[in-house]
Enquirer: 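The structure is given below, and queries will be raised subsequently.
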Amino acid sequence: MPELPEVETVRRGLAGLIIGKTIVSEWHDTAKGFPNTLADVDRFLKGATVTAVRRRAKVLMIDLSTAYSLVIHLKMTGQLVFVGETRFGAGHPNESLVHDLPDNSTRVTLTFDDGSQLFFNDQRKFGWMRLMPTIEIPNIDFMRKVGPEPLDSEFRAEAFAARFARRSRTSIKAALLDQSVVAGVGNIYADESLWGAKVHPRRLVATLSEQDFFALYTELRAVMNLAIEKGGSSNHTYVNAEGKKGSYMDFARVFRREGLPCPRCGTTIEKLRVAGRGTHICPHCQQLL
DNA sequence: CACTTGACCTGTCCGC
DNA sequence: TGCGGACAGGTCAAGT
């Protein structure tokens, strides 16, 4: 589900809601989604206080006072939803956006010392949550190979372009989705940034000019920053830590807009399949050459 | 090694 | 209304 802006939105929400709280109980359903032993849960999770909530690429990390962390990947349909005392009050403006939890998609429930709860829900069960020593997080396979953060102020256009050398013979869309090239890009922001840069998603990486890469770098950062500002994009499954939907989809220029006019030139937006993913383009603005 | 495809799951939507 | 198939904001393991 979530890409970098959605995960960052969840991170910011959670940081304000759970830092300083102590976990008093834990429930989880399957070994696959939560592979830790009960002994580890008892020793390093129960009684632990949340000290920080971090993000790297699309991975969230909840750091604990035990020097362990909960490392979480939401994949396609994962959610982390916090429920405190005031959330379901009658007449609350967001009352209709959330329903009673846990529900049939709930995989993990954490209960804090003040009675509030954090639910990890995941309809498709692709996501995972694991408890591990904080210091070992950089050694997991995903962290070792993941590329730079695209919004890092130190990450410049030249470095962005250079990252693509490893994927020169594939389509630019496949390369953008490759987490080892640049971190955090998924299907929505790949399509949105390619449209912004006027680059056809099927163009081979090797055919992109320096100007194309510069435009793509600029557009990707602009689109991700806007999405974070708008609280991410929402389909029927994505909600932030407070159970609210993001509004970026109201600003999307091509994603899921097939049949509608391109906001730049009016040409009808088309949907294709590129790198095995549904892909949205303006056939006039984005030419194959 | 680089690249593509299928698998992992469940729910929903669309055409018959 | 029921059913089959395609598809869904992501990564891996296998295959060529």
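Remember, it's a predicted structure, so these values are computed and weren't measured experimentally. Chain naming here is simple, since letters A, B, ... match the order of the sequence lines and numbering starts at 1 in each. All values below were derived from every heavy atom in this structure, side-chain atoms included, with hydrogens, water molecules and symmetry-related copies excluded.
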Enquirer: Please give, in whole Å, the distance from C/dC12 P to A/Lys58 NZ?
Expert: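 Going from NZ in A/Lys58 over to P in C/dC12 covers 10 Å.
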Enquirer: Hey, does A/Ser105 reach any base, or is it just sugar-phosphate, or nothing, if we go heavy atoms under 4.0 Å?
Expert: nothing
Enquirer: Go through the steps to decide whether A/Tyr248 and A/Phe255 satisfy the test ring pair (Phe, Tyr, Trp, His ring centres under 6.0 Å), and finish with yes or no.
Expert: CA-CA 11 Å; A/Tyr248 177 82; A/Phe255 194 79; 9.1 Å; no
Enquirer: When you check the phosphate oxygens OP1 and OP2 of C/dC12, does a side-chain N or O of A/Lys145 lie under 4.0 Å from one of them?
Expert: yes
Enquirer: Please determine whether the number of non-hydrogen atoms from other residues, nucleotides or ligands lying under 6.0 Å from atom CZ of A/Phe155 exceeds 12.
Expert: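 Yes.
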Enquirer: Look at A/Lys125 and B/dA7 and indicate whether a side-chain polar atom (N or O) is within less than 4.0 Å of OP1 or OP2.
Expert: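 No, outside the criterion.
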Enquirer: Partner of B/dC9 by Watson-Crick or G-U wobble geometry, both contacts under 3.5 Å, or none?
Expert: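 Base partner found: none.
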Enquirer: Are A/Arg277 and B/dT5 close enough that a side-chain N or O sits under 4.0 Å from OP1 or OP2?
Expert: no
Enquirer: Measure from the side-chain heavy atoms of A/Phe126 and tell me the nearest of B/dC3, C/dA8, B/dC9.
Expert: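 From the listed options, B/dC9 comes nearest.
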Enquirer: Using a 4.0 Å heavy-atom cut-off across all strands, classify A/Tyr189 as base, sugar-phosphate, or nothing.
Expert: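 No contact.
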Enquirer: Take atom P in B/dC9 and the same atom in C/dC3, then report the distance between them in whole Å.
Expert: 24 Å
Enquirer: In whole Å, what is the span from the CG atom of A/Asp178 to the C1' atom of C/dA13?
Expert: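 Rounded to the whole Å, the gap is 15 Å.
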Enquirer: Looking at A/Gln179, I'd like to know whether one of its side-chain N or O atoms comes within less than 4.0 Å of OP1 or OP2 on C/dG10.
Expert: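 Answer no for this pair, as no side-chain N or O of A/Gln179 is under 4.0 Å from OP1 or OP2.
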Enquirer: Please state whether the phosphate of C/dG10, meaning OP1 or OP2, lies under 4.0 angstrom from any side-chain nitrogen or oxygen of A/His73.
Expert: no
Enquirer: Cluster question for you: counting only ILVMFWY and a side-chain heavy-atom cut-off of under 4.5 Å, with indirect links fine, are A/Leu260 and A/Phe251 together?
Expert: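 Different clusters: A/Leu260 never reaches A/Phe251 through Ile, Leu, Val, Met, Phe, Trp or Tyr contacts under 4.5 Å.
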Enquirer: Could A/Arg264 and A/Trp195 be counted as a cation-pi pair, given that NZ or CZ must be under 6.0 Å from the ring centre and within 45° of the axis?
Expert: yes
Enquirer: Between A/Glu192 and A/Arg253, is the closest basic N to carboxylate O distance under 4.0 Å?
Expert: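 A/Glu192 and A/Arg253: salt-bridged.
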Enquirer: For a quick check, tell me whether the side chain of A/Arg124 and the base of C/dA8 share a donor-acceptor pair closer than 3.5 Å.
Expert: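 Pair found.
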Enquirer: Without decimals, in angstroms, what is the distance between A/Met143 CE and C/dC12 P?
Expert: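 Checked: the CE to P distance equals 11 Å.
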Enquirer: I'd like to know if A/Ile188 and A/Val274 are part of one continuous hydrophobic network [Ile/Leu/Val/Met/Phe/Trp/Tyr, side-chain heavy atoms within less than 4.5 Å].
Expert: no
Enquirer: In this structure, how many angstroms lie between the C1' atom of B/dA7 and the CH2 atom of A/Trp128, rounded?
Expert: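 Interatomic distance, CH2 of A/Trp128 to C1' of B/dA7: 18 Å.
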Enquirer: Rounded off to whole Å, could you give me the CD1-to-P distance for the A/Ile72 and C/dG10 pair?
Expert: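 It is 18 Å, rounded to the nearest whole Å.
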Enquirer: Atom CD of A/Gln79 and atom P of C/dA8: how far apart are they, to the nearest Å?
Expert: 19 Å
Enquirer: Once you apply a heavy-atom cut-off of 4.0 Å, does A/Gly276 come out as touching a base, just sugar-phosphate, or nothing?
Expert: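 Answer is nothing: A/Gly276 stays at 4.0 Å or more from every strand.
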Enquirer: A/Arg256 near the nucleic acid: base, sugar-phosphate alone, or nothing, with a heavy-atom cut-off under 4.0 Å?
Expert: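 Base contact.
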Enquirer: How would you label the contact of A/Gly127 with the nucleic acid (heavy atoms, under 4.0 Å): base, sugar-phosphate, or nothing?
Expert: nothing
Enquirer: Please tell me which of the listed nucleotides, B/dC3, C/dC12, B/dG11, lies nearest to the side chain of A/Gln123?
Expert: B/dG11
Enquirer: Rounded off to whole Å, could you give me the CG-to-P distance for the A/Leu177 and B/dT5 pair?
Expert: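 Nearest whole value for this atom pair: 14 Å.
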Enquirer: Measuring from the side chain of A/Thr170 (C-beta onward, heavy atoms only), which nucleotide among C/dA8, B/dT10, B/dC3 has the closest atom?
Expert: B/dC3
Enquirer: When the distance from CZ of A/Arg144 to C1' of C/dT11 is rounded to whole Å, what number comes out?
Expert: 18 Å
